[in-house]
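Okay, so here's the structure we're looking at.
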Protein chains: 2
Amino acid sequence: MIKRMKSLPLCHPQWSDPMTILKAPLAGGSPLLTRLSRLTRLDDMAVEALQTAARDVRRSPPRRELISEGEPIRERYALLAGWACRQRILSDGRRQILSFLLPGDLIGVCQHSNPLAATTIIAISELVTCPAPVADPGSALAEAYARSAALEERYMLAHITRLGRFDARERLADWLLETQQRLATTGLSVADQFPLPLTQEMLADALGLTSVHVNRTLQAMRRDGLLILRQGMAFLPDRDQLEKLVEYKPARVSAGGENYATP
Amino acid sequence: MIKRMKSLPLCHPQWSDPMTILKAPLAGGSPLLTRLSRLTRLDDMAVEALQTAARDVRRSPPRRELISEGEPIRERYALLAGWACRQRILSDGRRQILSFLLPGDLIGVCQHSNPLAATTIIAISELVTCPAPVADPGSALAEAYARSAALEERYMLAHITRLGRFDARERLADWLLETQQRLATTGLSVADQFPLPLTQEMLADALGLTSVHVNRTLQAMRRDGLLILRQGMAFLPDRDQLEKLVEYKPARVSAGGENYATP
DNA sequence: CGATCGTTTGACAAGGGTCAAAATGCGTGG
DNA sequence: CCACGCATTTTGACCCTTGTCAAACGATCG
């Protein structure tokens, strides 16, 4: 296997404009609150804490390294707007993107003391973050965090299956469905349409392919009416077909209630 | 991609004998206690709880499904002896093994209420399990569980990188190193030698390859003096070489102390 | 001693990688 | 407003790693 060693592209050009990023997610409350309240019933205290936290926003430019692999984790953020990713880079330049972080996701929240970062996290587009409120053991917020962590585990397991047993087209289909669904949870995707601020090379690094092959596969999918890409937006015209292709099932984390109404 | 549909082999023949499985791990205390006490300093209460739990052992035959994907998780076990795996099977028969569970590992321990199993878990060899003691929030045991969960996340992330960016030889090398190290933590590997109760097909299903290709790659590695396999035991004669091949770094989860002495 | 399961081999096919160059799009500075 | 520079997408030709299919071989077990 020949190795490559070159600069790593990060952000889709269309998405350098923070305005574009901000307007959708912040309308109608923080995406963090939205997402967590779909995972469990939040009480007033939790909602209060989340709303307070969401007032203390910070911005990070694209390419900024939020957390570095192996370093102690100091702060816990929530992502309010923009995309980030967890990645690992090998010494010969190969890169694996382990997961994408979307608005509403938590960063650096974990249960044990003196945690070290498992992976580097970098901003893909311009980000808006806020501190993640601390959750007392037993609180509704703690339950929400735990379910959020469980969901993250599902995504990792799904990713392992994608990389281990899916071919290129299946990987893309499955990833698109999952991503669309995650975005829909915070209102960032409507009618199977959603922003996709990634280069094909990033997609390749996430899906264990080369950018050339991602390109060809995307073209084939467009030809087959499975996908439309325009100006950094994706649209899935034939969701059924895609779902059939990969036996897609949305991730569920706990029995009984999920999908609680936003308070 | 042509699909396959056939019976799924589970256990290496050499390992049907429970005696073989039992003698090593149970010598010198439960592997669960050993492993957790290397993750954090356990207090007397935790040690007590773990020792009590370890008296209530249960056995499961190979191929038994311990937990089924999507079902509510009722019990929390610790694995005391034998190997199990988490797996996902696609409707066309393709299988992905998501991770292996080794002696000392926890099964079904999670933080939120009404959890649903993320994956099916099945016994590879005959198993010995015990109930996992409940951890009060803030206790040393809770800290140990949290660190254990964090470690599990590392393994998943490493697996994603393996599948996404490593070729066949690298995947095997990396997986062998990781597995050897995990076993060494509970004293199940000494001098780079360890039991490997897997068929090449299981290895293939874990590493995203076919059994034919695993076979050929293993042969090449043996020729190159990287690996010796005999009767279900593996030996790594040239650890340095293997580590260089994949830039292997053991997983670390928290700053300051790990590797606490067993009390 | 078949039956079964796992390993090994061979011949061949194909999905995906590599390399290189052209085409496209976009932001910047003149 | 245009031209230039840079990043990204697209294309083509070629090759290699890995998958597929099939059969032989070896062990283990009733």
Side-chain angles (χ1 to χ4, degrees), chain A residues 1-17 20 62-63 92-95 124-125 162-172 196-205 207-223 227 229-232 234, chain B residues 1-17 20 62-63 92-95 124-125 162-172 196-205 207-223 227 229-232 234:
Chain A
M1 174 173 286
I2 309 291
K3 319 304 171 68
R4 70 195 144 101
M5 186 74 103
K6 51 140 104 181
S7 74
L8 300 167
L10 282 177
C11 180
H12 197 98
Q14 274 92 26
W15 284 81
S16 323
D17 176 20
T20 317
R63 288 160 186 266
D92 58 21
R94 283 180 287 178
R95 167 169 80 160
I124 290 172
S125 56
R162 256 197 297 269
L163 295 175
R165 284 296 177 236
F166 281 0
D167 66 21
R169 169 179 289 230
E170 291 169 328
R171 289 183 206 187
L172 272 162
L196 194 58
L198 304 177
T199 63
Q200 294 180 359
E201 177 153 10
M202 300 189 69
L203 225 33
D205 285 341
L207 297 178
L209 302 166
T210 58
S211 60
V212 172
H213 199 62
V214 164
N215 182 286
R216 294 198 229 263
T217 309
L218 286 176
Q219 283 179 58
M221 291 177 78
R222 284 189 277 203
R223 262 198 307 280
L227 175 65
L229 289 174
R230 264 181 27 246
Q231 335 219 73
Chain B
M1 172 173 287
I2 308 294
K3 318 303 172 71
R4 66 195 147 101
M5 187 75 104
K6 50 139 103 178
S7 74
L8 300 167
L10 282 178
C11 181
H12 197 97
Q14 274 92 24
W15 284 82
S16 321
D17 175 19
T20 318
R63 290 160 184 267
D92 57 20
R94 281 180 288 177
R95 168 168 80 159
I124 289 172
S125 57
R162 258 197 294 272
L163 295 175
R165 284 296 178 236
F166 281 1
D167 65 22
R169 169 178 289 230
E170 291 170 328
R171 289 183 205 187
L172 272 163
L196 194 58
L198 303 178
T199 64
Q200 295 180 358
E201 178 152 9
M202 301 188 68
L203 226 33
D205 285 340
L207 298 179
L209 303 165
T210 58
S211 60
V212 171
H213 198 64
V214 164
N215 182 287
R216 296 193 159 118
T217 309
L218 286 176
Q219 283 178 58
M221 291 177 79
R222 285 189 277 204
R223 262 199 308 280
L227 175 65
L229 290 174
R230 267 180 25 247
Q231 335 217 72

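A note on names: the letters A, B, ... follow the listed sequences, proteins ahead of strands, and every chain is numbered from 1.
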### Summary
Regarding the side chain of B:Leu209, the nearest nucleotide among D:dT18, D:dC21, C:dG16 is D:dT18

### Message
Taking the axis from the first five pairs and the axis from the last five, what angle separates them in the helix from C:dC1-D:dG30 to C:dG30-D:dC1, rounded to 10 degrees?
### Response
40°

### Proximity to DNA chain D (any heavy atom under 4.0 Å), residues of residues 213-222 of chain A only
A:Asn215, A:Arg216, A:Gln219, A:Arg222

### For atom CG of A:Leu163 and atom P of D:dT18, their distance in whole Å
15 Å

#### Entry: Flag, side chain of A:Arg171 to backbone of A:Leu207, donor-acceptor distance under 3.5 Å
yes

### Query
Can A:Asp92 and A:Arg94 be counted as an ion pair, charged N to O under 4.0 angstrom?
yes

### Message
To the closest 0.5 Å, what do you measure between CD (A:Glu201) and OG (A:Ser211)?
### Response
5.0 Å

#### Entry: Approximate separation, where rounding is to 0.5 Å, of A:Thr217 OG1 and A:Leu209 CG
6.5 Å

### Message
Any heavy-atom pair between the side chains of A:Arg169 and A:Met221 that's under 4.5 Å?
### Response
yes

### Task
Output yes when A:Asp205 and B:Arg165 qualify as a salt bridge under the 4.0 Å nitrogen-oxygen rule, no when they do not.
yes

### Task
Start with the C-alpha gap between B:Leu227 and B:Leu229, add the side-chain angles, then the distance that decides, and say whether side chain to side chain contact (heavy atoms under 4.5 Å, CB included) holds.
CA-CA 7 Å; B:Leu227 175 65; B:Leu229 290 174; 4.1 Å; yes

### Query
OP1 or OP2 of D:dT10 sitting under 4.0 Å from any side-chain N/O of A:Gln200?
yes

### Query
CZ of B:Arg165 versus C1' of C:dG17: gap in Å, rounded?
11 Å

### Task
Round to a whole Å and report the spacing from CG of A:Asp167 to P of D:dT18.
16 Å

### Query
If you check every side-chain atom of B:Thr210, which of D:dT8, D:dT11, D:dG19 has the closest atom?
D:dG19

#### Entry: B:Leu229 CG to C:dG6 P, straight-line distance once rounded to whole Å
16 Å

### Task
Would you give the length of the straight line joining atom NE2 of A:His213 to atom CG of A:Leu172, rounded to the nearest 0.5 angstrom?
9.0 Å

## Note on the structure
To the nearest 0.5 Å, atom CG of B:Asn215 lies from atom OG1 of B:Thr210 at 9.5 Å

### Query
Whole-Å distance between C:dG16 C1' and A:Glu201 CD?
16 Å

### Query
In whole angstroms, how far is the C1' atom of D:dT18 from the CG atom of B:Leu207?
14 Å

### Message
I need the CZ-P distance between A:Phe166 and C:dG16, as an integer number of Å.
### Response
13 Å

### Query
Given atom CZ of B:Arg169 and atom P of D:dC16, what is their separation to the nearest angstrom?
17 Å

